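These numbers come from a predicted model, not from an experiment. Values below: every heavy atom of this structure, side chains too, minus hydrogens, waters and symmetry copies.
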Amino acid sequence: PARARGAAGQAAQRRAASGEGRAGPAGRWASQGLCVGPGGLGSPAALSLAAAGVGTLGLSDFDTVEASNLQRQLLHTQARVGMRKTASAKAALNALNSEVVVQLHDEPLSSTNCADLFNAYDLVINGCDNFATRYLANDVAVLSGTPLVDGSVHRFTVEPTVVLPGQTTCYRCRYPTPTRTRQPPSCPPHCLLWLLPATTRTLPPHTPITPTPPPRHTAPTPPHPFYP
């Protein structure tokens with residue numbers, strides 16, 4: 001009963017704060033979002049979606065929690081160092097909102113599983129840290145008609161991107177040729193300012209919590225030689 005009263009109170013506060021009435025929260029509760037990489041960029045995004053009342057959150061990652069990343073990966077704690085990031089993130093999200101269904105995908109995003117994952121969700125938030133996965137997520141989002149919220153951080157620079165297939169430009173429109181020779185600089189030598197990942201994920205907040213996702217279509221995903 002106490003948990004039910006708490007959940008009802010949270011929903012009422014969300015309606016009052018947004019001015020949406022009952023339709024907004026109901027629409028969000030019926031929606032499903034996928035977070036690729038619940039790390040520095042994915043952490044604040046997943047927390048925001050859980051707090052907003054999104055009904056189902058998928059988490060895709062194959063890595064484990066590291067102590068050196070805790071200053072920017074807000075979902076994780078010292079007590080969960082060594083745990084899979086997906087399991088650690090699930091614990092944090094359900095502690096915030098126990099009614100959110102959290103689905104775990106303990107595998108890297110690849111050309112063999114990406115289409116199936118994206119077609120199972122209404123929205124994808126991409127928090128990956130390599131170019132191959134960034135292009136893969138963009139291409140499959142465009143082909144499947146799945147809205148994609150992307151973001152990147154480098155030192156003191158942030159770049160959020162919202163891709164609405166058929167309505168906006170995409171990552172490949174802006175950067176047509178993937179780089180094959182280098183990876184983004186790693187975090188420790190370049191000392192990211194801890195608040196920038198959270199800032200990046202709060203700049204386009206309207207897209208992840210849109211009550212009714214844009215219309216989608218389903219298309220097959222052809223193999224691409226660039227992707228592993």
Side-chain angles (χ1 to χ4, degrees), residues 31-47 49-50 54 56-66 69 72-73 75-76 83-90 93 101-153 159-165 170-175 177-180 182-187 197 200-201 204 207-208 213 216 218-228:
S31 63
Q32 302 181 79
L34 173 66
C35 177
V36 180
L41 291 167
S43 287
L47 286 167
L49 292 179
V54 170
T56 302
L57 283 176
L59 303 173
S60 174
D61 205 304
F62 61 97
D63 208 351
T64 57
V65 178
E66 297 182 18
N69 294 330
R72 67 182 181 279
Q73 297 185 1
L75 279 170
H76 312 298
M83 183 184 295
R84 282 189 175 272
K85 282 186 178 179
T86 51
S88 173
K90 174 180 170 64
L93 295 172
V101 177
V102 181
Q103 298 179 339
L104 307 186
H105 306 283
D106 294 318
E107 56 185 348
L109 201 67
S110 69
S111 56
T112 59
N113 64 14
C114 193
D116 289 338
L117 277 177
F118 280 30
N119 282 323
Y121 292 91
D122 301 313
L123 172 85
V124 175
I125 295 178
N126 183 27
C128 71
D129 59 1
N130 66 82
F131 292 126
T133 305
R134 191 174 298 276
Y135 278 95
L136 172 63
N138 173 85
D139 293 350
V140 175
V142 171
L143 288 169
S144 64
T146 307
L148 174 70
V149 181
D150 205 336
S152 57
V153 180
E159 183 178 339
T161 304
V162 178
V163 177
L164 299 178
C170 69
Y171 190 78
R172 192 178 288 275
C173 294
R174 294 183 297 149
Y175 308 106
T177 306
T179 177
R180 297 171 183 263
R182 64 184 181 90
Q183 287 296 316
S186 59
C187 294
T200 305
R201 275 296 176 243
T207 299
R216 301 182 50 192
T218 301
T221 304
H224 196 294
F226 177 68
Y227 304 123

In this structure, which one of Val163, Thr161, Leu41 forms a side chain to side chain contact (heavy atoms under 4.5 Å, CB included) with Asp150?
Thr161

Does the pair Asp106 and Thr86 meet the rule for a side chain to side chain donor-acceptor pair (under 3.5 Å), with working shown?
CA-CA 7 Å; Asp106 294 318; Thr86 51; 2.3 Å; yes

Heavy-atom closest pair, residues Ser110 and Leu136
C-CD2, 3.5 Å

Is any side-chain heavy atom of Pro165 closer than 4.5 Å to a side-chain heavy atom of Thr146?
no

Considering all heavy atoms of both residues, which atom of Pro108 and which atom of Phe62 are nearest to each other, and what is their separation?
CB-CD2, 3.4 Å

Phe118 versus Ser144, closest heavy-atom pair with distance
CB-OG, 4.1 Å

Between Gly39 and Pro44 the two heavy atoms that sit nearest each other are O-CD, 4.4 Å

Distance from Lys90 atom NZ to Gln103 atom CD, nearest 0.5 Å?
9.0 Å

Any side-chain heavy-atom pair of Met83 and Thr64 under 4.5 Å
no

Carboxylate-amine/guanidinium proximity below 4.0 Å for Arg84 and Asp61:
no

Exactly one candidate in Leu49, Val36, Leu34 meets side chain to side chain contact (heavy atoms under 4.5 Å, CB included) with Ile125; the answer is Leu49

Which atoms form the tightest heavy-atom contact between His76 and Lys85, and what is the distance?
CE1-O, 3.4 Å

Any Val101 side-chain heavy atom under 4.5 Å of Leu57 side chain:
no

If I take atom CG from residue Asp122 and atom OG from residue Ser31, how far apart are they, to the nearest 0.5 angstrom?
6.0 Å

I'd like to check Val54 versus Gln32 (side-chain heavy atoms, cut-off strictly below 4.5 Å). Are they in contact?
no

Min side-chain heavy-atom separation Asn126-Leu148 under 4.5 Å:
yes

Measure the shortest side-chain to side-chain distance between Asn119 and Leu117 over non-hydrogen atoms and say whether it is less than 4.5 angstrom.
no

Side chain to side chain contact (heavy atoms under 4.5 Å, CB included) partner of Cys35, chosen from Leu47, Leu59, Leu93:
Leu59

Taking Asn113 for its side chain and Leu109 for its backbone only, find out whether a donor-acceptor pair lies under 3.5 Å.
no

Does the separation of the ring centres of Tyr171 and Tyr175 fall below 6.0 angstrom?
yes

